[in-house]
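Chain A is the first sequence line, chain B the second, and so forth, proteins listed ahead of strands; every chain is numbered from 1.
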2 protein chains.
Amino acid sequence: MPETPKESKLAEVSPKTRKVFDFIESSKSPLGAYDLLNDQNLRAIGFKAPTQIYRALKQLLELQLIHRVESLNAFVACCTEHEKGPSILAICDSCGQVQDIPAEDIAAQVTKEVVKKFPGLKELNIELKGVCEECTPESPEVRTATAS
Amino acid sequence: MPETPKESKLAEVSPKTRKVFDFIESSKSPLGAYDLLNDQNLRAIGFKAPTQIYRALKQLLELQLIHRVESLNAFVACCTEHEKGPSILAICDSCGQVQDIPAEDIAAQVTKEVVKKFPGLKELNIELKGVCEECTPESPEVRTATAS
DNA sequence: TTCGGGATGTTATACTATTACGGCTAAGTA
DNA sequence: TACTTAGCCGTAATAGTATAACATCCCGAA
Ligand SMILES: [Zn+2]
Ligand SMILES: [Zn+2]
Ligand SMILES: [Zn+2]
Ligand SMILES: [Zn+2]
């Protein structure tokens, strides 16, 4: 049985870094470095200072196992369905969850669109805010029916 | 002569908030709140604490006169060519300049693409990193010619 | 005049991230 | 073996970003 990309990446990291990833992956919303340090049990397994957390996060970012959510100063697990390509992070204002949505098509169009003004494009970061499907109370038909 | 949208927005703000905008607009790269407070002359005109700067910034953001560059914790003037619609912020790693590029088309496509997974989309933030046109040493033809 | 509410001033504190340094260990090599 | 070097990890200190909480002032309405 072939290892998934995710598994083979995780095999490269230390147990403590691995633990950081596990916490991020199992959280339903993004975690900040200090959330990991203080609220989660990372102190219990030997993390004592922010810099240790940031080292682990850096490694996980480089392996593309996690993404940094710039607008929240926090980190989410990568869905691992976009091997190198970019993705869209859709942040729900209501429940706090973030979806990592592969975005090859969008990336291609952005590139096409800005290439003249910005020929040396290297990195693309798209973040959305709004309300996720789960938090949208009901579909319009149902809502109307219920309200009447 | 009709006022431009920018002028009419600026008419609403206090002289000090106006001054904050002027500094941001005249800077060739994005400014952070503490850049404004310490490096620029804002202390000289009565700003004494970060919270005052942040209040001015908040107001300017609400009027869409500036944008926050999430990945830099800094602020740039809006090009004012996209009245309400979204834009792309293209950040040059070399010179630090940020271009504010109107992006109606991209926004439309993103919306179309994510509407199923994220029906309540409200806000869209696209940031690019790379090298701007000005910092791209030469065009390929010229570079080849020069190098030979 | 008196009472609000909004803008502004002021202090303190919370939150996020990096620098700097020191020790340990594994790998290379004379 | 003894020495060197480079990388990883631990620790402490500090830098950088943002907000909370409360005081004060000013102006218009009652
Ligand atoms: Zn991802
Ligand atoms: Zn939600
Ligand atoms: Zn703009
Ligand atoms: Zn440039």
Could you go over nucleotides 23-28 of chain D and give all protein N or O partners under 3.5 Å, atom names and distances?
none

N/O to N/O distances under 3.5 Å, protein versus nucleotides 11-18 of chain D:
residue	atom	partner	partner atom	Å
D:dT11	OP2	A:K48	NZ	3.3
D:dA18	OP1	B:R68	NH1	2.8
D:dA18	OP1	B:R68	NH2	2.6
D:dA18	OP2	B:Y54	OH	2.8
D:dA18	O5'	B:Y54	OH	3.3
D:dA18	N7	B:Y34	OH	2.7
D:dA18	N6	B:Y34	OH	3.4

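Residues from residues 56-64 of chain B placing a heavy atom under 4.0 Å of any atom in DNA chain C do not occur.
With hydrophobic clusters built from ILVMFWY side chains whose heavy atoms lie under 4.5 angstrom apart, B:I88 does not share a cluster with B:V69.
Over its length, the helix from C:dT1-D:dA30 to C:dA30-D:dT1 turns its helix axis by 10°, as judged from the five terminal pairs at each end, rounded to 10°.
Put simply, CZ on A:R43 is 14 Å from C1' on D:dG10, counting in whole angstrom units.
Residue pairs meeting the salt bridge (charged side-chain N to carboxylate O under 4.0 Å, His left out) criterion with at least one member in residues 57-82 of chain A, sequence neighbours excluded, are A:R68-A:E70. Within the structure, ring-ring contact (aromatic ring centres under 6.0 Å, His included) contacts touching residues 13-49 of chain B (residues at least two apart or in different chains) do not occur. Residue pairs meeting the ring-ring contact (aromatic ring centres under 6.0 Å, His included) criterion with at least one member in residues 73-93 of chain A, sequence neighbours excluded: A:H67-A:H82. A ring-ring contact (aromatic ring centres under 6.0 Å, His included) check over residues 85-110 of chain A, counting only residues at least two apart or in different chains, returns nothing.
Listed for the B:S27 side chain is no donor-acceptor partner under 3.5 Å among the backbone atoms of B:P30. When atom types are taken as modelled, the side chain of B:D100 and the backbone of B:L89 share no donor-acceptor pair closer than 3.5 angstrom.
Classification of B:K6 and B:E83 as a salt-bridged pair fails, no side-chain N sitting under 4.0 Å from a carboxylate O.
Annotation: the span from A:R18 atom CZ to A:L60 atom CG amounts to 10.0 Å, rounded to 0.5 Å. One finds the CD1 atom of B:I126 at 9.5 Å from the CG atom of A:N125 (value rounded to the nearest 0.5 Å).
The nucleotide range of DNA chain C contacted by chain A, defined by atoms under 4.0 angstrom from heavy atoms of the protein and reported 5' to 3', is C:dT16 to C:dT19.
When the side-chain contact (heavy atoms from CB on, under 4.5 Å) test is applied to A:E133, the partners found at least two apart in sequence or on another chain are B:P119. By the side-chain contact (heavy atoms from CB on, under 4.5 Å) test, B:K129 is found to be paired with A:E123, B:S71, B:L72, B:I91, B:D93, residues two or more places apart in sequence or in another chain being considered. A:S8 is linked by a side-chain contact (heavy atoms from CB on, under 4.5 Å) to A:E3, counting only residues two or more places apart in sequence or in another chain.
Looking at B:N38 and B:D35, their side chains never come closer than 4.5 Å, going by heavy atoms from C-beta outward.
A:Q59 pairs in a side chain to side chain contact (heavy atoms under 4.5 Å, CB included) with only one of the listed residues (A:I66, A:V13, A:L65, A:V20), which is A:V13.
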